[in-house]
Amino acid sequence: MLDPKELKRTLNLPRTDFPMKASLPQREPQILKKWKEMNLYKRIREQRKGRPRFILHDGPPYANGRIHLGHALNKILKDFVVKSYSMMGYDAPYLPGWDCHGLPIEIKVENQIGRLEDKIKFRRECKKYAERFVKLQRDEFIRLGVFGEWENPYLTMDPGYEAEIIRHIKGFFQRGEVYRAKKPVYWCPHCKTALAEAEIEYHEHKSPSVYVKFPLLEPEKLSPSLRDKKVFVVIWTTTPWTLPANLAIALHPDYDYGVFRNGEEYYILARLLAPMLEEELGASFELVHKFEGRELEGFKAKHPFLNRESLVVLADYVTLEQGTGCVHTAPGHGEEDYQTGLKYGLEILSPVDDEGRFTGEVEFLQGKTVWEANPLVLEVLREKGMLLAQGEITHSYPHCWRCKGPVIFRATPQWFISMDKAGLRDKALREIKKVRWIPSWGEERIYNMIENRPDWCISRQRSWGVPIPVFYCKNCGEPLVKPEVMDRVAEVFEREGSDSWFLHPPEYFIPEGIKCEKCGSSQFVKENDIVDVWFESGTSHAVLKHREDHRWPADVYLEGNDQYRGWFHSSLLVGLANEGESPYRVVITHGWVLDEQGRAMSKSMGNVIEPGEIIKDYGAEILRLWVAFLDYTEDVKLGQNILQRLTEAYRKMRNTWRFMLGNLRDFIPQEHTVKEEELLPSDRFILTRFRTLAGRVKELYRNYQYYKIAHLFYDFFTVDLSSFYLDIVKDRLYCSAPGALERRAAQTAIFEMARDSMRLLAPILSFTAEEAWEHLPEFPGKSPSVHLEVFPPQLPSLLTEEEEKEWDVLMKYRDLANKALDQARKEGFIGNSLEASLLFYAPAEEKRVLEKYSPYFLELFIVSAWRIEEGEERVEVERAPGKKCERCWVYHPEVGKDPQHPNLCPRCIAVVKELI
RNA sequence: GGGCCUAUAGCUCAGUCGGUUAGAGCGCACGCCUGAUAAGCGUGAGGCCGGUGGUUCAAGUCCACCUAGGCCCA
């Protein structure tokens with residue numbers, strides 16, 4: 001008789017080196033090292049050579065700062081796309097890019113080393129800065145397990161890329177879509193430079209606060225009673241110096257206005273604001289006429305001190321918080337004023353120079369700064385009797401971040417791409433309809449933007465970027481806009497980079513013999529402005545043509561939903577204008593990363609989580625799993641609670657793989673695989689479920705629906721495998737003779753599911769699938785990395801429809817049995833379910849099914865005995881007859897009858913005899 | 001202020017054309033097992049479907065408004 005220790009040695013218990021504890025933060029770097037050493041990305045590409053291409057074109061992140069969760073979400077999603085299409089059999093390259101030029105880097109560099117007059121030196125510092133962060137971010141992306149051409153990314157500051165930008169600009173010029181016009185920008189009169197929004201600080205500032213009268217012309221058109229009366233539109237302003245540039249007065253179309261009599265004079269202002277002015281004047285008005293703002297549109301008023309008219313216009317931004325509801329409008333001195341000016345076709349007047357001094361356009365102020373001009377303007381107003389009230393106000397006012405002085409809004413010449421001159425807008429709107437937008441509402445969102453956007457201002461008064469390739473006549477100032485000159489510029493940039501613009505004289509770029517078309521001079525100066533960085537990144541589609549193994553257009557662009565206004569937008573306009581069609585076929589967007597309460601992460605809220613922390617504490621795989629479980633088309637949440645759930649989910653999947661591997665320890669696929677017709681019913685059942693799942697998963701990958709894959713697989717691992725199949729086949733796996741058919745049958749099923757689930761999950765659980773793959777039994781054609789595999793082909797169902805229905809019945813009785821067993825357990829009647837015998841009552845048809853499968857009830861219900869009776873469906877629990885077999889723990893009447901093995905059941909006696 | 005989007009259990013997600021008592025997994029509680037063991041199995045309790053109105057015989061689902069949140073503009 002064998003003692004329990006010896007008996008245990010006759011069992012086939014699972015064994016594997018695949019550890020239960022993942023230790024992801026330590027293990028992942030080792031896996032990354034393996035991938036690097038085996039040159040995995042290159043090998044995948046070589047293996048797919050000649051296959052149809054699938055191109056995901058990377059939107060370049062900005063080369064500034066460490067990556068945040070938004071970057072991680074984006075890059076991991078892209079990795080899912082690329083890896084899954086690669087495993088579908090496509091040649092799917094991933095060429096990462098970086099956006100390197102632009103203001104944020106200029107600002108950082110300026111903060112570090114101060115402002116350099118020497119542009120070349122300054123640009124070199126910017127370049128160094130960008131290079132540093134490209135490297136940093138690259139390493140962080142690699143750490144996430146993202147595969148790609150990391151040694152050879154595209155950078156918007158590469159000479160070749162810069163040349164391509166020039167060629168694209170040339171295209172716009174050639175088609176006559178570019179024009180030059182004035183637009184107001186923030187301007188620092190002290191630093192004599194344009195400022196971007198990001199370079200503005202707001203401080204308290206004391207300004208004049210004045211009410212000014214504009215005599216209304218033809219007031220009788222508003223109301224006959226006003227004929228020959230002195231009617232004035234009253235405006236309020238804190239910048240009297242902009243009054244010389246006044247060209248309009250804006251009213252809100254829907255607000256209630258009134259004509260108020262004050263002695264001999266009549267004032268037009270918003271009714272709600274009249275009391276404020278009455279108080280200011282210490283007067284009491286009489287309301288003589290009521291009207292809505294829109295009624296005054298098109299009226300004209302006399303300028304208070306210049307020989308000019310001012311047009312009454314309508315604008316939605318007019319508020320009733322302050323002033324009179326009649327807004328002084330100077331299109332050359334304010335953003336909103338400018339927009340209104342464009343709408344009404346007004347001149348963009350800005351009679352102020354670089355230093356903030358008035359030009360000769362306003363004689364009495366010529367040479368005065370705008371600050372000196374304020375009192376002078378008030379004086380003139382007073383003289384002309386147009387100053388209604390005057391005071392002072394302290395308010396928040398924009399200041400220069402460098403010199404801390406107050407800034408002004410000043411119109412300067414800029415370059416624009418016209419949306420309509422060559423039909424760019426209409427073409428774009430047509431192309432939008434041909435693209436597949438995921439989610440579908442993206443189409444409407446970008447459509448509305450393109451439909452309503454103004455012309456594109458592509459010039460910037462900065463240093464760190466690509467110059468606009470035009471020159472100006474030294475003699476008469478006429479711009480020199482010539483394709484052949486731009487071609488030369490592109491050639492030079494291709495060789496020397498855009499620094500060359502600042503190194504060489506104009507002659508270096510201008511072919512001999514070119515003269516100013518206006519005055520014939522051959523002396524030129526270079527343009528100082530650079531191109532908007534959105535134009536640069538919008539040019540990125542060009543790399544698809546230049547890189548040998550890519551293709552134009554791209555199949556997929558995939559970015560955060562802020563990029564409808566950003567990269568999708570600029571790429572469409574730039575790509576379409578130059579190539580005639582959209583550079584992408586499918587556009588996928590993901591949402592924003594929020595904290596666990598659904599609020600945006602921000603430093604000030606203190607709720608920011610860094611990807612680095614998660615990698616350090618949990619591992620990149622958990623981050624990948626997070627991305628996989630989310631419906632990324634909406635905003636996504638992350639916090640400690642969610643990470644905890646994910647970690648548990650990860651452990652469950654890892655353990656399921658571990659258990660499968662443990663039971664395959666002696667399985668040699670090419671020798672032991674059992675033919676499908678010899679599999680047991682439960683094997684055929686689980687394989688059919690798995691194969692159906694595999695088919696759905698492949699379809700879901702094709703449609704980028706990763707969270708459905710994650711849920712399906714997770715449910716399959718927990719419900720179908722862990723708590724059902726893998727639980728019920730333990731008896732077969734452990735207790736049968738190692739080479740017994742029923743044991744090899746279970747191993748056959750487990751092997752297929754382990755192997756193919758690793759393949760199918762490799763794009764998501766890239767690290768763990770790889771690790772598990774290493775522990776999977778060798779088989780002919782097994783790749784050294786799971787990422788070199790392809791998704792499994794579709795395998796057939798192993799159940800007839802009839803059998804599917806029978807399984808529904810079996811599962812129903814399994815539920816009933818579990819409830820009955822639980823009840824018995826609670827009553828202390830049994831502990832382990834093998835102590836039980838089940839008594840099934842079933843209607844005739846179901847009784848037939850139960851009887852058919854009853855040879856397998858030991859495994860299906862994990863009980864030692866059973867009886868089946870006809871009756872109303874229910875399950876009762878009895879004590880199993882016989883004694884417990886010490887080897888398999890099953891109760892059997894024969895236990896004790898064999899004198900040689902009194903502690904074993906007949907099955908185990910047979911196995912033990914075979915083994916000894 | 002405008003464009004687009006979101007809201008179902010503690011978490012992640014289902015919920016068809018409007019149609020019985022709104023589902024799953026996890027987590028949680030309780031129990032079992034000790035041959036997947038820092039594991040495994042079973043049972044159970046959790047929901048004003050963001051709110052208010054409306055359409056309808058019938059609303060998580062359709063409509064309007066509101067609240068909270070997100071992205072992009074102004």
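Scope of the values below: all heavy atoms of this structure, side chains included, with no hydrogens, waters or symmetry mates. Reminder, nothing fancy here: chain letters follow the sequence lines and each chain counts from 1.
Among the atoms of the strands shown, only primed sugar atoms or phosphate atoms (P, OP1, OP2) are found under 4.0 Å from some heavy atom of Lys652(A). No engagement by Ser833(A) is indicated, since no non-hydrogen atom pair under 4.0 Å with the nucleic acid exists. Among the protein residues, Gly662(A) comes within range of no part of the nucleic acid, since none of its heavy atoms lies under 4.0 Å from any strand. Tyr714(A) comes within 4.0 angstrom of the backbone, heavy atoms only, and of no base. Residue Leu11(A) is in base contact, counting any heavy-atom pair closer than 4.0 Å across all strands shown. Looking at heavy-atom distances under 4.0 Å, Arg645(A) makes contact with a base. Within 4.0 Å (heavy atoms only), Phe629(A) reaches sugar-phosphate atoms of the nucleic acid but no base atom. Arg654(A) comes within contact range of no nucleotide atom at all, as no heavy-atom separation falls under 4.0 Å. Contacts of Ala649(A) with the nucleic acid, taken as non-hydrogen atoms under 4.0 Å apart, are absent. Contacts of Leu630(A) with the nucleic acid, taken as non-hydrogen atoms under 4.0 Å apart, involve only primed sugar atoms and P, OP1 or OP2. Asn655(A) comes within contact range of at least one nucleobase, with a heavy-atom separation under 4.0 Å.
To the nearest angstrom, P of A39(B) lies 16 Å from CE of Met653(A). Atoms CZ (Arg15(A)) and C1' (A39(B)) sit 18 Å apart, rounded to a whole Å. For the pair Asn452(A) CG and C72(B) P, the computed distance is 18 Å after rounding to whole Å. When the C1' atom of G27(B) is taken as reference, atom CD of Glu596(A) falls 13 Å away, rounded to whole Å. Taking atom OH of residue Tyr707(A) and atom C1' of nucleotide U6(B), one finds them 13 Å apart after rounding to whole Å.
Pairing for A64(B) is with U52(B), a Watson-Crick or G-U wobble pair whose two hydrogen-bonding atom distances lie under 3.5 Å. In this structure, C33(B) makes no Watson-Crick or G-U wobble pair, since no nucleotide meets both defining distances under 3.5 angstrom.
Between G10(B) and Lys637(A), no contact under 4.0 Å exists linking OP1 or OP2 to a side-chain N or O.
More than 90° away from 0 lies the glycosidic angle of G54(B), which makes this nucleotide anti.
By the stacking rule of 5.5 Å between ring centres and under 30° between planes, Trp592(A) does not stack on the base of G69(B).
Checked by atom type, the side-chain pair His569(A)/Arg453(A) shows a donor-acceptor distance below 3.5 Å.
Arg654(A) forms a cation-pi arrangement with Phe18(A), by the criterion of a distance under 6.0 Å to the ring centre and an angle within 45° of the ring axis.
Along RNA chain B, the nucleotide nearest to Asp815(A) and the one nearest to Cys735(A) differ in position, and the one closer to the 5' end is contacted by Cys735(A).
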